[in-house]
Amino acid sequence: MKTLDKIPVGKIERAGKLVQTGVKIGGNYLKYYGEKLINPELTKDKLNEENAEDIYDGLKSLKGSALKVAQMLSMEKNMLPRAYVEKFSLSQFSVPPLSAPLVRKTFKKYFNAYPEEVFDSFTPNSVNAASIGQVHKAVKEGRSLAVKIQYPGVADSIKSDLSLVKPIAVRMFNLQSQDSDKYFKEIENKLLEETNYALELSQSKEITTACKNIPNIVFPEYYEQWSNERIITMDWMKGEHLSEFTAGDFDRTLGNLLGQSLWDFYMFQIHQLRKVHADPHPGNFLVHERQLVAIDFGCIKHIPDSFYIPYFEMAKRENFENEAIFKQKMYELEILLPSDSPEEVKFFTELFREMLSVFTAPFNEKEFDFGNQRFWNSIASLSERYSKDPKIRKMNGSRGSKHFLYMNRTFFGLYNLLCDLKAKVTVNNFEKYLS
């Protein structure tokens with residue numbers, strides 16, 4: 001794979017790259033409509049493939065938050081055409097890496113020494129490259145290590161990247177520009193946290209220590225002496241990425257075993273720690289010898305009681321079937337607003353009750369089969385229907401607590417991983433690990 005000697009870091013340079021991508025997409029549409037005149041039966045499959053290719057090519061050279069958006073979108077299997085999901089999935093662990101000279105220069109800047117001076121051996125070419133950093137293999141004192149090095153300028157470009165994305169998102173999701181600030185601030189803060197490797201180190205040690213008693217899931221050990229704010233060193237963990245494992249044939253019993261561990265791991269974090277690994281994509285998990293390996297704790301979402309309590313109270317079937325309690329929780333979670341008209345109250349109450357009846361189904365069963373296609377068909381059907389509903393376009397889309405952003409991302413990501421594993425889980429099994 002071709003390596004990068006430079007990453008655009010200036011606002012103008014990065015904006016120019018996005019403009020070039022926009023021009024390519026415009027050309028794809030012109031070509032599509034020209035061919036459509038000749039062949040009215042032409043589908044958008046080829047257009048989607050070309051657009052996905054051009055968008056991904058533009059984002060992968062920018063790295064950072066721009067590529068992180070592609071990574072997040074790759075998890076939305078029911079929201080995007082298949083071509084986008086397949087192409088954007090590459091951002092999870094397979095993008096053009098930094099060249100060896102740029103790696104050495106970056107390492108020297110933050111360690112005041114070159115890699116070969118710190119470690120007994122160091123592989124100059126990266127093993128995995130993703131949106132914010134890339135991983136190299138090293139050896140020190142007989143230990144096999146994974147050394148994650150952050151791309152230069154990533155942290156400095158987050159604010160400018162989001163300022164470029166915000167006007168597009170406001171139009172796409174029908175947000176009120178002023179009301180949407182809380183969501184963009186939440187994203188900005190989380191992305192900035194992900195670029196703070198000193199924070200990631202402390203989060204990693206805290207969560208892996210707390211979750212060590214959950215069976216069939218293991219974690220690397222982290223090394224402070226070989227880490228700093230832009231470089232983090234941990235044990236080298238063997239295994240294949242979860243997406244590669246689930247793409248092959250595997251025993252359903254093993255899928256259930258791994259799925260149960262994954263479910264218990266997430267439920268324990270949420271209900272015991274009130275914080276959660278909010279980046280559950282396949283690139284963050286390996287499978288090795290019938291065990292899951294969790295390898296990245298850069299994105300951790302803290303869950304305040306003011307959100308946790310009404311969120312999980314509303315998930316109970318008896319509560320969302322009770323009109324008064326359900327509305328009360330809707331106001332507490334900022335889904336309903338004091339300024340809403342009676343029409344808006346009625347519309348959003350009915351909308352969210354229907355959505356929650358599907359989305360919270362796993363919480364209201366003793367066992368839940370995430371391999372059951374009916375569940376995913378229900379989610380896909382809702383997504384398609386509401387994406388075409390003209391009423392939603394007329395309503396103020398700036399709804400819900402800012403905490404929904406990463407909690408919904410967590411659950412959708414978790415559900416998708418469990419679907420890939422075709423896992424049937426015992427829902428309340430995690431309670432045995434709570435203190």
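What you see below is based on every heavy atom in this structure, not just the backbone, and it leaves out hydrogens, waters and symmetry mates.
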Counting the benzene-type ring for Trp, do Tyr311 and His403 have ring centres under 6.0 Å apart?
no
Quick check: do Phe122 and Val103 have side-chain heavy atoms less than 4.5 Å from each other?
yes
Closest non-hydrogen atom pair between Ser357 and Phe320, with its separation:
CA-CZ, 3.9 Å
Which atom of Asn228 lies closest to which atom of Tyr197, heavy atoms considered
O-CB, 3.3 Å
How would you list, by chain and number, every residue that makes a side-chain contact (heavy atoms from CB on, under 4.5 Å) with Asp369, sequence neighbours excluded?
Arg252, Asn372, Lys424
Is there a side-chain contact (heavy atoms from CB on, under 4.5 Å) between Thr195 and Tyr151? Walk through the geometry before answering.
CA-CA 9 Å; Thr195 63; Tyr151 302 128; over 6 Å; no
Report yes or no: do Asn322 and Glu318 form a side-chain donor-acceptor pair below 3.5 Å?
no
Is the shortest side-chain heavy-atom distance between Val139 and Trp236 below 4.5 Å?
no
List the steps, then state whether ring pair (Phe, Tyr, Trp, His ring centres under 6.0 Å) holds for Phe219 with Phe265.
CA-CA 12 Å; Phe219 314 98; Phe265 172 55; 5.8 Å; yes
Taking it one step at a time, do His271 and Tyr308 satisfy side-chain contact (heavy atoms from CB on, under 4.5 Å)?
CA-CA 9 Å; His271 295 289; Tyr308 172 89; 2.7 Å; yes
Taking Asn429 for the side chain and Gln260 for the main chain, is one N or O donor matched with an acceptor at less than 3.5 Å?
no
Closer than 3.5 angstrom, by distance alone: can the side chain of His136 be matched with the main-chain N or O of Thr123 as a donor-acceptor pair?
yes
Under 4.0 Å between a Lys/Arg side-chain N and an Asp/Glu carboxylate O for Asp264 and Lys432?
no
Apply the test side-chain contact (heavy atoms from CB on, under 4.5 Å) to residues Glu313 and Leu333: give CA-CA distance (whole Å), side-chain angles for both, the deciding distance (0.1 Å), then the verdict.
CA-CA 11 Å; Glu313 284 182 345; Leu333 293 168; over 6 Å; no
Mind checking whether Phe297 and Tyr222 have parallel, tilted or perpendicular rings, split at 30° and 60°?
perpendicular
Please examine the side chains of Leu292 and Val287, heavy atoms only from C-beta on, and report whether any two atoms are closer than 4.5 Å.
yes
Do Phe268 and Leu434 make a side-chain contact, defined as non-hydrogen atoms from C-beta onward lying under 4.5 Å apart?
yes
Do Phe375 and Cys419 have side chains that approach each other closer than 4.5 Å (heavy atoms only, starting at C-beta)?
no
May I ask you to decide if Ser435's main-chain N or O and Gln272's side chain share a donor-acceptor pair within less than 3.5 Å?
yes
Test salt bridge (charged side-chain N to carboxylate O under 4.0 Å, His left out), reference Lys301, set Glu194, Glu186, Glu193, output is Glu186
Side-chain contact, heavy-atom cut-off 4.5 Å: Leu242 with Asp420?
no
Any ion pair linking Glu221 and Arg143 (charged N to carboxylate O, less than 4.0 Å)?
no
CG of Asp279 to OG1 of Thr410, rounded to nearest 0.5 Å, is 8.5 Å
Residue pair His241, Asn128: steps toward the side-chain contact (heavy atoms from CB on, under 4.5 Å) verdict:
CA-CA 11 Å; His241 285 289; Asn128 288 318; 3.7 Å; yes
So Trp226 and Tyr223, would you call those rings parallel, tilted or perpendicular, with 30° and 60° as cut-offs?
tilted
With a 3.5 Å distance limit and no angle check, can you tell me whether Asn364 reaches the backbone of Ala315 through a side-chain donor-acceptor pair?
yes
Counting only N and O atoms by type, is there a donor-acceptor contact under 3.5 Å from the side chain of Asn196 to the main-chain atoms of Leu199?
yes
Give the minimum heavy-atom separation between Pro220 and Ala294, together with the two atoms involved.
CD-O, 3.2 Å
Between atom CG of Leu418 and atom CG of Leu262, what is the distance when rounded to the nearest 0.5 Å?
5.0 Å
Ser401 and Phe307: which non-hydrogen atoms are nearest, and at how many Å?
OG-CD1, 3.7 Å
What are the two closest non-hydrogen atoms of Asp340 and Ile335, and how far apart are they?
OD2-O, 4.4 Å
When rounded to the nearest 0.5 angstrom, what is the spacing between OH in Tyr406 and CD1 in Ile300?
12.0 Å
Got Val345 and Met330 here, is their nearest side-chain heavy-atom distance under 4.5 Å?
no
Checking the side chain of Ser227 only, and the main-chain atoms of Thr233 only, is there a donor and an acceptor separated by less than 3.5 Å?
yes
How close do Thr106 and Pro152 get, counting heavy atoms only, and between which atoms?
OG1-CG, 3.6 Å
Close side-chain approach of Val147 and Lys140, heavy atoms under 4.5 Å:
no
Answer yes or no: is there a donor N or O on one side and an acceptor on the other, between the side chain of Gln269 and the main chain of Ile207, under 3.5 Å?
no
How many angstroms lie between atom CD1 of Ile217 and atom CZ of Phe285, to the nearest 0.5 angstrom?
6.0 Å
Do the side chain of Asn284 and the main chain of Pro280 share a donor and acceptor less than 3.5 angstrom apart?
no
So how far is it from Lys402 NZ to Met407 CE, rounded to the nearest 0.5 Å?
14.0 Å
Within a 6.0 Å radius of atom CD on Glu240, are there more than 12 heavy atoms belonging to other residues, nucleotides or ligands?
yes
Between the main-chain N or O of Asp296 and the side-chain N or O of His277, is there a donor-acceptor pair closer than 3.5 Å?
yes
Pairwise distance CD1(Ile303) to CZ(Arg274) - rounded to 0.5 angstrom:
8.0 Å
Ring centroid separation for Phe359 and Tyr415, is it under 6.0 angstrom?
yes
Determine whether the aromatic ring centres of residues Phe411 and Phe363 are separated by less than 6.0 angstrom.
yes
Should Lys329 and Glu332 count as an ion pair when the cut-off is N to O under 4.0 Å?
yes
Can any side-chain N or O of Ser261 pair as donor or acceptor with the backbone N or O of Pro215 at less than 3.5 Å?
yes
Please say which of Lys205, Lys148, Gln150 ends up in a side-chain hydrogen bond (donor to acceptor under 3.5 Å, both in side chains) with Glu200.
Lys148
